[in-house]
Amino acid sequence: MATRDRRHVATGTHRRRQRRCRHLSVVGSVDRTDRGVRRRLPGQLDQLSPPAGVFPRSTDGGPGCQPRLTGPGDGDSWRPEGSGTGPGCQPQLTGAGRKISWRPEGLGTGPVCQSRCRGAPTAWTPAGSLGRTMNAPRFRIAPSPTGFFHVGGARTALYNWALAKRLGGTFVLRIEDTDAERNRPEWNQGIIDALAWIGIHADDPTFEGPYFQSSYAEQHVAEARRLFDTGAAYYCDMTPDDIQARAKAEGVTGYGGWSRDRGLGPAAGRVLRFRVPPGATVVRDLVRGDVTFDNATIEDFVLLRGNGSPMFLLANVVDDMSMRISHVIRAEEHLPNTPKQQMLWEALGHEPPVWAHVPLLVNEQRKKISKRRDKVALESYRDEGYLAEAMINYLMTLGWSPGEQEIQPWSAMQDTFALEDVAKSPAFFDLKKLAAFNGEYIRAMTPEQFVAAAEPWVAQWREAHPGHVWNQVWFLAMAPFVQQRATVLSEAPGVVDFLMLAEPQFDEPSLAKAWATDDAAEVLAETIAAFERCDWTRDAMKEAFDPIADAHGMKPGKAQAPIRVAITGRTVGPPLYEAMELLGRDETLRRLRSIPGSVHTG
RNA sequence: GCCCCCAUCGUCUAGUGGCCUAGGACACCACCCUUUCAAGGUGGCGGCACGGGUUCGAAUCCCGUUGGGGGUGCCA
């Protein structure tokens, strides 16, 4: 039986690979190259040839250029577990959370092939690509500095990172800062910091960059010239207004290749357009299979603006080429651009990269999440107290399934992530599920880890409450209770701050509830009397209180209301006797005696 | 308008022609536990968009319909 099962699994995996290959029509080369990459994996990572050299690491530039990553600076303080670094650095897992029960050492012990080879993306075919075949795969992300890091971009980064790490490849960060309106140097550091938060560290050997697209404008223009020289591109003097007017006059839409054969040379105000060749362009996509575009439906797009500056499409392709990017993994919104880029690669004499377009992240309206409508800044989640590990884990599951157990450490996901397994349909970015993941991770921390992780928010509390002393020993003692109640770290101080405040903060609804029963005053008085003489332990307090509740014909929980409000100011909170134990008999009795009356009871 | 992509519980997904009476997770509901609230436990609700094929057999393959999304800039 067992034997049969095992064989079954093996066959299943095999069949899946075959199917993918057939589907993508890259049968032979996939496996061969694939295996080659894998074989190189163990030992030779350090022998990877350095990048072309045309793109020296930008250390010269403005304030944003220097990655500031390693020191114990503020960037580090965001790592919840404090000492840990990098992906795979997980909470201790000794906590009570049942879902997080992996054995750290047990990872990766499975058959190497099964997890490894599935994920190996198609690499270069041996023929005709200038020795690039011999190199390990090179991935990249190309965010533009917008002042925040988009969660969708974070997921894309994670997918790229997982593959780069596992395949012994390189992860290139190129900041596309060519739009003058969206280019503030200080935003570049934000990108570095955001990536570091999700475990993608600029000082990791797998990481390369950041490069800045704006530094390579000359090269973009030079490549455009080449295109013009070979006839693959031509100049055009039509303005957008001209195009519109012409289209209207002739009852057509779009530009329509008006200047194609006019033999115009470069001049101020003239744009350089790519001459889209006849035929069809097949984009070979690892997620979507072959996507065919009829070139007749693609306009001759602009390469160089009237002022001579390069457009995105051109810059993007030239940079990817120069940086020898082998795999372009990005969001699906770029799929319609891809045939144009592929034509550019070919016109420039290079074999296009492997494409993979991952599904969009959408909101409840099923539209792609955007800054305008949705909370998309990774930083905002960090600031609210989502744990990096939880965010990483959740992001990975959007469009991909890590298997039976969806709560998984990064190291496991890194080992099994495969583009072939990425879903094609858009994924809803579900805050509730993110919160659930976060809760799991919070509960999996040791109290010490939790207290350390919550420090930034405790510090905020201190600032907001001058004159009050935050008792860290008490916080640690209460930590397990807080961990069960907080879904984000920012909520943590509020769970126990009644202990730290000189007076609880009462609110009227709570007071009303405290006095809601006829017996409230009596219960309170009897409790005070009992607490004056009982041992000051949680068990003793419980023993003292339960009979009082019983005598009044109430369940302890209900009878407790005035006590709880007197101590905490609220009707909900962590276990009471434990809190009172810390508070001490004197302060507890003081609070019990000084609970305000309610307007409802007079 | 044109081009492209997508379609399994409310949501994220498993599923690769028979192991499917469609599995898991989040959410929701009920109950248990209980010192409030949580956490935890047990159970429940709930889905293959529709119509045609192909096949002994279809969630799975093909075609169409419908629905959703993305792209269509001298933005990136």
Side-chain angles (χ1 to χ4, degrees), chain A residues 8 12 15-16 18-20 23 96-99 142-144 146 176-179 181-182 213 236 238-240 253-254 269-273 283 285 288 291-294 296-299 301-307 309 311-313 315-316 331-339 357 359-360 362 364-368 394 397-407 423-430 432-437 439 443 480-487 495 513 538 541-542 545-546 549 555-561 563-565 568 570-578:
Chain A
H8 192 78
R15 202 186 302 132
R16 170 186 276 196
Q18 281 193 324
R19 182 178 165 277
R20 294 290 175 186
H23 181 49
R98 288 183 77 255
K99 291 175 183 163
S144 44
T146 52
E176 305 215 323
D177 57 348
T178 49
D179 182 356
E181 285 179 29
R182 299 196 236 168
Q213 186 162 70
C236 171
M238 288 182 78
T239 64
T253 54
R270 291 183 184 170
V271 299
L272 184 70
R273 287 184 182 273
V283 171
D285 189 294
R288 281 151 214 288
V291 184
T292 305
F293 296 83
D294 180 354
T297 65
I298 301 173
E299 293 266 51
F301 50 95
V302 174
L303 263 18
L304 255 28
R305 299 186 182 91
N307 66 8
S309 63
M311 289 280 292
F312 155 72
L313 234 35
N316 189 268
E332 195 201 334
E333 56 191 313
H334 291 287
L335 185 54
N337 279 331
T338 310
H357 290 90
L360 251 21
V362 298
E364 45 279 271
Q365 280 87 241
R366 314 266 349 146
K367 302 210 186 296
K368 72 172 178 179
Y394 177 63
T397 67
L398 256 23
W400 176 72
S401 168
E404 275 298 297
Q405 178 55 269
E406 64 181 0
I407 301 276
K424 298 187 189 73
S425 37
F428 173 54
F429 188 79
D430 187 352
K432 281 190 173 173
K433 189 148 184 179
L434 206 214
F437 270 51
R443 274 170 256 128
F481 305 123
V482 182
Q483 286 172 265
Q484 281 179 357
R485 285 162 182 77
T487 55
V495 178
K513 196 165 180 192
R538 59 190 73 176
M541 282 181 256
K542 180 173 168 52
F545 184 80
D546 282 352
K555 290 221 167 189
K558 191 175 183 190
Q560 193 191 52
I563 317 299
R564 176 169 290 281
V565 174
T568 72
R570 288 167 242 145
T571 56
V572 300
L576 245 201
Y577 305 128
E578 286 76 357

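Distance check on atom P: B/C4 versus B/G40 gives 48 Å, rounded to whole Å. On the P atoms, B/C19 is 31 Å away from B/A27, given to the nearest whole Å. Comparing the P positions of B/G24 and B/G43 gives an interatomic distance of 10 Å, to the nearest angstrom. To the nearest whole angstrom, the two P atoms, one in B/G15 and one in B/C28, are 27 Å apart. For the C1' atoms, the distance from B/G51 to B/C56 is 23 Å, rounded to whole Å. Comparing B/U55 with B/C62, their P atoms are spaced 16 Å from each other, to the whole Å. Taking atom P on both B/C6 and B/A38, the two are 43 Å apart, rounded to the nearest angstrom. Comparing B/A49 with B/G68, their P atoms are spaced 16 Å from each other, to the whole Å.
Taking atom CD on A/Glu404 and atom P on B/G15, their separation rounds to 10 Å, with Å as the unit. A/Met238 has its CE atom 15 Å from the C1' atom of B/G73, to the nearest Å. With rounding to whole Å, A/Glu332 atom CD is found 6 Å from B/G70 atom C1'. A/Arg564 places its CZ atom 12 Å from the P atom of B/A38, with the value rounded to the nearest Å. In this structure, CZ of A/Phe545 is placed 17 Å from P of B/U34, rounded to the nearest angstrom. Atom CD1 of A/Ile407 is separated from atom P of B/C12 by 17 Å (rounded to the nearest Å). Whole-Å rounding puts the A/Arg288 CZ to B/C6 C1' distance at 7 Å. Remark: C1' of B/G71 and NZ of A/Lys368 are 9 Å apart, rounded to the nearest angstrom.
Between A/Lys558 and A/Leu398, the one whose closest nucleotide on RNA chain B sits nearer the 5' end is A/Leu398. In terms of position on RNA chain B, the residue among A/Phe429 and A/Arg538 whose nearest nucleotide sits closer to the 5' end is A/Phe429.
Nearest to the side-chain atoms of A/Thr397 among the listed nucleotides B/C12, B/U35, B/G1 stands B/C12. For A/Leu335, the side-chain atoms get nearest to B/C4 when compared with the rest of B/C3, B/U35, B/C4. Looking at the side chain of A/Leu360, the nearest of the listed nucleotides B/G70, B/C12, B/U35 is B/G70. The listed nucleotides are B/A76, B/C3, B/U8; the one nearest the side chain of A/Ser425 is B/U8. Which of B/A76, B/C6, B/C74 sits closest to the side chain of A/Val302 comes down to B/C74. Taking every side-chain heavy atom of A/Arg305 into account, B/A76 is the closest of B/G70, B/A76, B/C6. For A/Arg366, counting side-chain heavy atoms from C-beta on, the closest listed nucleotide (B/A76, B/G68, B/C5) is B/G68. With B/C5, B/C74, B/A27 as the choices, the nucleotide that has an atom nearest any side-chain atom of A/Lys432 turns out to be B/A27. Closest contact between the side chain of A/Val572 and the listed nucleotides B/U36, B/U13, B/C4 involves B/U36. Taking the side chain of A/Gln560 as heavy atoms from C-beta on, and the options B/U35, B/C75, B/C12, the nearest nucleotide is B/U35.
Using a 4.0 Å heavy-atom distance criterion, A/Gln213 is classed as a sugar-phosphate-only contact. Here A/Asn337 lies in heavy-atom contact (under 4.0 Å) with a base. At a threshold of 4.0 angstrom between heavy atoms, the contacts of A/Pro574 include nucleobase atoms, whether or not backbone atoms are also involved. Residue A/Pro575 is in base contact, counting any heavy-atom pair closer than 4.0 Å across all strands shown. Nucleic acid contact class of A/Gly399 (heavy atoms, under 4.0 Å, all strands): sugar-phosphate only. Nucleic acid contact for A/His334: base, since at least one base atom lies under 4.0 Å from a heavy atom of the residue. Using a 4.0 Å heavy-atom criterion, one finds that A/Ser309 contacts no nucleic acid atom at all. Among the atoms of the strands shown, base atoms are found under 4.0 Å from some heavy atom of A/Gly573. If you check every strand for non-hydrogen atoms under 4.0 Å, A/Ser401 touches sugar and phosphate atoms only.
Between A/His334 and A/Phe312, the angle of the ring planes lies from 30° to 60°, which puts this pair in the tilted group.
The closest donor-acceptor contact from the side chain of A/Arg366 to the backbone of A/Pro426 lies under 3.5 Å.
B/U55 makes up no base pair with any nucleotide shown, lacking Watson-Crick or G-U wobble contacts both under 3.5 Å. Remark: B/G64 base-pairs with B/C50; criterion is Watson-Crick or G-U wobble with both hydrogen-bond distances under 3.5 Å.
The pair A/Glu332-A/Arg288 counts as a salt bridge, with a side-chain nitrogen and a carboxylate oxygen less than 4.0 angstrom apart. Using a 4.0 Å cut-off between charged nitrogen and carboxylate oxygen, A/Glu578 and A/Lys542 do not count as a salt-bridge pair.
Considering only heavy atoms from C-beta on, A/Asn316 comes within 4.5 Å of A/Glu176 through its side chain. At a threshold of 4.5 Å between non-hydrogen side-chain atoms, the residues A/Thr397 and A/Pro402 count as touching. Proximity of A/Leu304 to A/Val271: side-chain heavy atoms (C-beta onward) are nowhere separated by under 4.5 Å. Residues A/Asp285 and A/Leu335 are in side-chain contact: their nearest non-hydrogen atoms beyond the backbone lie under 4.5 Å apart.
For A/Arg443, a side-chain nitrogen or oxygen approaches OP1 or OP2 of B/G40 to under 4.0 Å. Side-chain N/O atoms of A/Lys433 include none lying less than 4.0 angstrom from OP1 or OP2 on B/C12.
Taking both residues in full, the closest heavy atoms of A/Lys368 and A/Leu360 are given as CB-CG, 3.9 Å, listed atom of the first, atom of the second, then distance.
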